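Every heavy atom of this structure was used, including side-chain atoms; hydrogens, water molecules and symmetry mates were not. So that the names make sense, note that chain A is the first sequence line, chain B the second, and so on, each numbered from 1. Please read all numbers here as calculations on a predicted model, not as lab measurements.
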Number of protein chains: 2
Amino acid sequence: MAEVDVKHRIFATTREAIVGRRLPPGTKLTEDIIADTFACKRGPVRWALARLGDEGLVTLVPHRGAFVAEPPLDEAKHLFGARRMLEGGIVRCLCDAPPPQGWRPLMACVDAEDRAHAEGDETAALRLSGDFHLIMAELTENPIAATMLRELVSRTVLAITVHQHRGSSGCRTHEHRRLIELLEAGDVEGAAREMDDHLRALEGGLDLSPRPRSGPSLRAVLGAALETARA
Amino acid sequence: MAEVDVKHRIFATTREAIVGRRLPPGTKLTEDIIADTFACKRGPVRWALARLGDEGLVTLVPHRGAFVAEPPLDEAKHLFGARRMLEGGIVRCLCDAPPPQGWRPLMACVDAEDRAHAEGDETAALRLSGDFHLIMAELTENPIAATMLRELVSRTVLAITVHQHRGSSGCRTHEHRRLIELLEAGDVEGAAREMDDHLRALEGGLDLSPRPRSGPSLRAVLGAALETARA
DNA sequence: TCTGCCCGGATTGTTAACAATACAACCTCG
DNA sequence: CGAGGTTGTATTGTTAACAATCCGGGCAGA
């Protein structure tokens, strides 16, 4: 896993930094800074930014540059809508053909979620909450569906970050647990409905407060990400 | 609609040529040829090719170039699987909230499909068959879902082209009509099942014959596409 | 004839210099 | 004191030249 192209390293680290909320929405992503952070020329950087733009994690303004996206409220709603459509299908697919590994990976994830909540690590909790949904997608063994959901989940993280989810939580973990129970029971309709309700609940938690996010230290954050990746 | 960036024009026309099957799977997409077809430098071309690569319509081989993709059989199956997951959700969403325009657009599309079949225009029929599904996605008024499905449908066209669909048809139009009926009746489960069956039928029509496609005249085909676009 | 090798041509990948644009600070004028 | 224009600087966008790589054909040798 060493000799991956620089382009992909930039793409992956930056993406990771964004969904990990170390680069808050609105942060300017300056080509030069990224370029010499990764000790490369601007070419690979532009490639990565373009791709992040495609995925909706970054907004590219002509002649102005790239900024980590701040999805407007409509987009947030559409995101949840699309997730309901897709994840409903995922749930049904899983009931139809239960994965050979069983539901163990899901349970492990919820446990981790609970731990994060217990430790008060909001960001980790949100991340794990997303992972839960992602793992479900991966259990279908359909890489295309998994990729689509990965994109949706990443953007959802941004949307939630911008439109301050009220109260605190990401997914209530007990809804996740309930989902697992229904899956175990093979209750297709119940599981599908639970997923739908769950996503609706998340969407309902959106608020219309426009976050006045601050935008610091791109270089530091990306550099740190690199360090930990090296280790 | 004139001053769109050259990048996007290249992207759009090439994409169109691929899903319109004027550029058969396997065709080499040479940067220089595209570049002077569009009277530009290689920069925009590379951008467009990279994007088409992301979407799975083009395969990029390092130091070899870009080729219109030939999705292997597994990928084809995954494509249909993902479509079942997503389109099931779309159907349910439409039943839940019937579109203000009604089902007119869908009916118009099926009519066009029938005409194409009557005229023996296989390619147009396949295209319209895809459009039918796309229109459904658009009726949900969820641009994100629509975009996702657009990608899936395009790749499906390639998959079908490669793995020679037996008999002839793309979608049997009567299945499309039946779907409309069920939607009109507001029969959620019926419509969802019909969609699922429909997609399964399409997938079942895949065959394992590796097409020995010919690969001609990139320049001509793209040039022609430009002409008609200009007119 | 077939195999292996090397070379020429063509194509992709990268880079460094240049052009274009936008933002910010300043400066003038009413 | 404020509005409007102007210049300077920083950043992005583009291009042309260069480097790296791959494919095909020719050639020598078994």
Side-chain angles (χ1 to χ4, degrees), chain A residues 2-12 14 18 23 26-55 57-70 212-223, chain B residues 2-12 14 18 23 26-55 57-70 212-223:
Chain A
E3 54 287 330
V4 284
D5 199 334
V6 192
K7 296 187 288 198
H8 296 118
R9 280 221 333 263
I10 301 179
F11 173 72
T14 308
I18 291 175
L23 291 175
T27 307
K28 171 96 191 282
L29 303 170
T30 309
E31 297 182 357
D32 282 334
I33 298 181
I34 301 180
D36 66 331
T37 300
F38 285 86
C40 68
K41 307 304 175 187
R42 283 190 313 160
V45 178
R46 307 200 71 186
W47 185 91
L49 290 178
R51 232 188 114 151
L52 289 168
D54 276 3
E55 295 203 3
L57 292 179
V58 159
T59 305
L60 294 134
V61 185
H63 294 282
R64 292 274 322 274
F67 306 81
V68 5
E70 311 176 84
R213 231 52 193 83
S214 62
S217 68
L218 163 60
R219 163 177 261 131
V221 127
L222 244 42
Chain B
E3 55 285 333
V4 286
D5 200 336
V6 192
K7 294 186 290 201
H8 296 118
R9 280 218 338 257
I10 301 179
F11 173 72
T14 308
I18 292 175
L23 290 175
T27 307
K28 170 97 189 282
L29 302 171
T30 308
E31 295 182 359
D32 282 335
I33 297 181
I34 302 181
D36 66 334
T37 300
F38 285 85
C40 68
K41 307 303 175 188
R42 283 191 314 160
V45 177
R46 307 199 72 183
W47 185 90
L49 289 178
R51 235 190 110 152
L52 288 168
D54 277 2
E55 295 203 1
L57 292 180
V58 158
T59 307
L60 291 122
V61 186
H63 294 281
R64 292 275 321 276
F67 306 81
V68 6
E70 311 176 83
R213 230 52 191 83
S214 62
S217 69
L218 162 59
R219 162 177 262 132
V221 128
L222 245 41

### Task
With the side chain counted from C-beta on, respond yes when A/Phe67 and A/Arg64 share a heavy-atom pair under 4.5 Å apart, and no when they do not.
yes

### Task
Select one nucleotide: of C/dT12, D/dT12, C/dT15, the one nearest the side-chain heavy atoms of A/Lys41.
C/dT15

### Task
Check whether any side-chain heavy atom of B/Phe38 lies under 4.5 Å from a side-chain heavy atom of B/Val45, and answer yes or no.
no

### Task
Take B/Val58 and B/Thr14 through the test side chain to side chain contact (heavy atoms under 4.5 Å, CB included) and record every step on the way to the result.
CA-CA 10 Å; B/Val58 158; B/Thr14 308; 5.7 Å; no

## Note on the structure
CG (A/Asp54) and CG (A/Leu49) are apart, to the nearest 0.5 Å, by 11.5 Å

### Task
Hey, which sits more toward the 5' end of DNA chain C by its nearest nucleotide, A/Arg42 or A/Lys7?
A/Lys7

### Message
Expressed as a whole number of angstroms, how long is the span from B/Glu31:CD to D/dC22:C1'?
### Response
14 Å

### Query
Which whole-number value in Å describes the distance from A/Asp32 CG to D/dA10 C1'?
9 Å

### Task
Please check if atom NZ in B/Lys7 has more than 12 non-hydrogen atoms from other residues, nucleotides or ligands closer than 6.0 Å.
yes

#### Entry: d(CH2, B/Trp47; P, C/dT12) in whole Å
19 Å

### Message
Please determine whether a side-chain nitrogen or oxygen atom of A/Arg46 lies at a distance below 4.0 Å from atom OP1 or OP2 of D/dG13.
### Response
yes

Could you list all N or O pairs between the protein and nucleotides 20-23 of chain C that sit under 3.5 Å apart?
from	atom 1	to	atom 2	distance (Å)
C/dC23	OP1	A/Arg64	NE	3.0
C/dC23	OP1	A/Arg64	NH1	2.8

### Task
Quickly work out the B/Lys28 NZ to C/dT11 C1' distance and round it to whole Å.
6 Å

### Query
Below 4.5 Å, heavy atoms only, C-beta onward: do A/Asp5 and B/Pro62 meet side chain to side chain?
no

### Query
With sugar-phosphate meaning primed atoms plus P, OP1 and OP2, does B/Gly65 contact a base, only sugar-phosphate, or nothing at under 4.0 Å between heavy atoms?
sugar-phosphate

